[in-house]
2 protein chains.
Amino acid sequence: MAIPRAAKTQRRTRIQEEKEELILEAALDVFSVNGFRGSTIDEIAEAAGMSKPNLLYYFRTKEAIHRHLIDRVLTTWLEPLRAFDAEGSPESEIRSYIRRKLEMARDFPRESRLFANEVLQGAPHIEDELKGPLKQLVDEKAEVIRGWARSGKIAKCDPYHLIFSIWSTTQHYADFDVQVRAVLGQDMSGEGRFDDAARFLEQIFMDGLKIRS
Amino acid sequence: MAIPRAAKTQRRTRIQEEKEELILEAALDVFSVNGFRGSTIDEIAEAAGMSKPNLLYYFRTKEAIHRHLIDRVLTTWLEPLRAFDAEGSPESEIRSYIRRKLEMARDFPRESRLFANEVLQGAPHIEDELKGPLKQLVDEKAEVIRGWARSGKIAKCDPYHLIFSIWSTTQHYADFDVQVRAVLGQDMSGEGRFDDAARFLEQIFMDGLKIRS
DNA sequence: CGATAATTTGACCGGTTGGTAAAACCTTAC
DNA sequence: GTAAGGTTTTACCAACCGGTCAAATTATCG
């Protein structure tokens, strides 16, 4: 008798590990483009190179796959913000935060789009995480920024909207990639636009925050 | 014999005008949340308070409704950028561009999300518009900005990425509304956050571009 | 009014959806 | 080898999908 999804043995077999990873990879492709409702299990199964019932042997429902992906993204996604260090200098911290977020937009655009799709559609699966852990983390870092402003290290500004603006400008290059490419033309379809973006964003934020380098 | 969709009379009847508007309104609600593939005709029909065949009497296909909405949004959406005037001062032009885009995010969040969903999902229905009219318009305005930079009115910067950053920061308040609200907490769930955002963005862009006010 | 055209409805269609059942097929450990 | 458990497949289901059709209903206008 087959009791799936490692219910019995606790320890997952080699095949389980491989196939689950395969499925998640395929699901990331599909979900990040079509969103949860717009994606089908058949599509994911085909992308993963297996039959639908076989896929459903590893993940009981479509939601389970999505949930798994979202959870994974949520943790890695906030890593750069977590690394934001109160002890560091405003210049290096903000500059490297921008750079890291931009690198993630370049290297993990699917993850960015998965998240964007979810939030755009009202965040039905992650509202609690947004109001809980995310808000808490942002509150904490906002306080750091506010401290820098109070001590005159950076210009006075609303720390929350500063964080929002860094999020939006950097993620834009992943989420609106098609538009960015269309506007820049095919000459800039290489990865050069990320370097240009980094230069621009660092300049505008540094000067905008009156940080002398 | 009923030849629908104003094929015969050219002049649309009162009922046609009303119902079509009703459908588009309902469809905007649905499409802007779920994207094209994630939305169903049944859902739109119910939201519009009519039966599915009745809805399909006014719009032959699901795509026709979506197409209609996208077309409408595309024209009104770029209005602020079109208004960008080469003769005006950099300060007033950029400042009012930011303000107008932010007002649109506040007043027409569904339109913003419809567009975001479309682009996020690879812009399958509007790729031509992006590469054609949109690129052309941006190219034109980028040249204006480049001129300002050359003549020393604003700091030297990449005009394309400047436009991208204004788009992303302002639309963020519509597209990621749920996240913004979650992070700011319910105290800021009123419309005050838009004023704060306007203050922040005008500050950062003005100082970032070294524009003396 | 009556007639003509515009609108609305219910029944329906083939294909797809998320998901299940059970049997067949492999792997692994003894 | 063989038996137990892990994996895959085939066949299937009810609900839903986008869309059609013809008949019924309603609005318009002379």
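As the structure is a computational prediction, the values presented were derived from the model and not from experiment. The chains referred to below are lettered A, B, ... by the order of the sequence lines, with proteins before strands, and numbering in each begins at 1.
- Contacts between residues 35-53 of chain A and DNA chain D, defined by a heavy-atom separation under 4.0 Å, are made by A:Ser51, A:Pro53.
- Here the closest non-hydrogen pair linking A:Ile23 and A:Met50 is CG1-CE, 3.8 Å.
- Atom P of nucleotide D:dT20 and atom NZ of B:Lys62 are separated by 14 Å, given to the nearest angstrom.
- In this structure, A:Arg193 does not pair ionically with B:Asp158, as no charged nitrogen and carboxylate oxygen lie closer than 4.0 Å.
- Rounded to an integer number of Å, the gap from CD of A:Glu18 to P of C:dC26 is 17 Å.
- The shortest side-chain heavy-atom distance between B:Glu118 and B:Val73 does not fall under the 4.5 Å cut-off.
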Next on the checklist: What verdict does the salt bridge (charged side-chain N to carboxylate O under 4.0 Å, His left out) test give for B:Asp195 and B:Arg199, after you've listed the backbone C-alpha separation in whole Å, the side-chain angles of each residue and the deciding distance to 0.1 Å?
Outcome noted: CA-CA 6 Å; B:Asp195 294 332; B:Arg199 238 187 315 275; 5.9 Å; no
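- The side chain of B:Tyr58 places an N or O atom within less than 4.0 Å of a non-bridging phosphate oxygen (OP1 or OP2) of C:dT8.
- Between A:His68 and A:Phe59, the angle of the ring planes goes over 60°, which puts this pair in the perpendicular group of the 30/60° scheme.
- Taking only side-chain nitrogens and oxygens, A:Asn54 comes nearer than 4.0 Å to OP1 or OP2 of D:dT9.
- Protein atom CG of A:Leu55 is 14 Å distant from nucleotide atom C1' of D:dT9, rounded to whole Å.
- Classification of B:Arg181 and A:Glu127 as a salt-bridged pair fails, no side-chain N sitting under 4.0 Å from a carboxylate O.
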At a cut-off of 3.5 Å, list every protein nitrogen or oxygen paired with a nitrogen or oxygen from nucleotides 25-27 of chain D, distance to 0.1 Å.
none

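- Note on A:Gln16: every side-chain N or O is 4.0 Å or more away from OP1 and OP2 of D:dG6.
- As a whole-Å value, the separation of A:Ile65 CD1 from C:dG18 C1' is 11 Å.
- Phosphate contact (OP1/OP2 of C:dT7, side-chain N/O of B:Tyr57, threshold under 4.0 Å): present.
- Put simply, CG on A:Leu56 is 15 Å from P on D:dT7, counting in whole angstrom units.
- Residues passing the ring pair (Phe, Tyr, Trp, His ring centres under 6.0 Å) test with A:Tyr173, sequence neighbours excluded: B:His161.
- The aromatic rings of A:His172 and B:Phe164 lie tilted to each other, with the angle between the two planes from 30° to 60°.
- Contact annotation: the side chain of A:Leu134 never approaches that of A:Glu129 to less than 4.5 Å [non-hydrogen atoms, C-beta and beyond].
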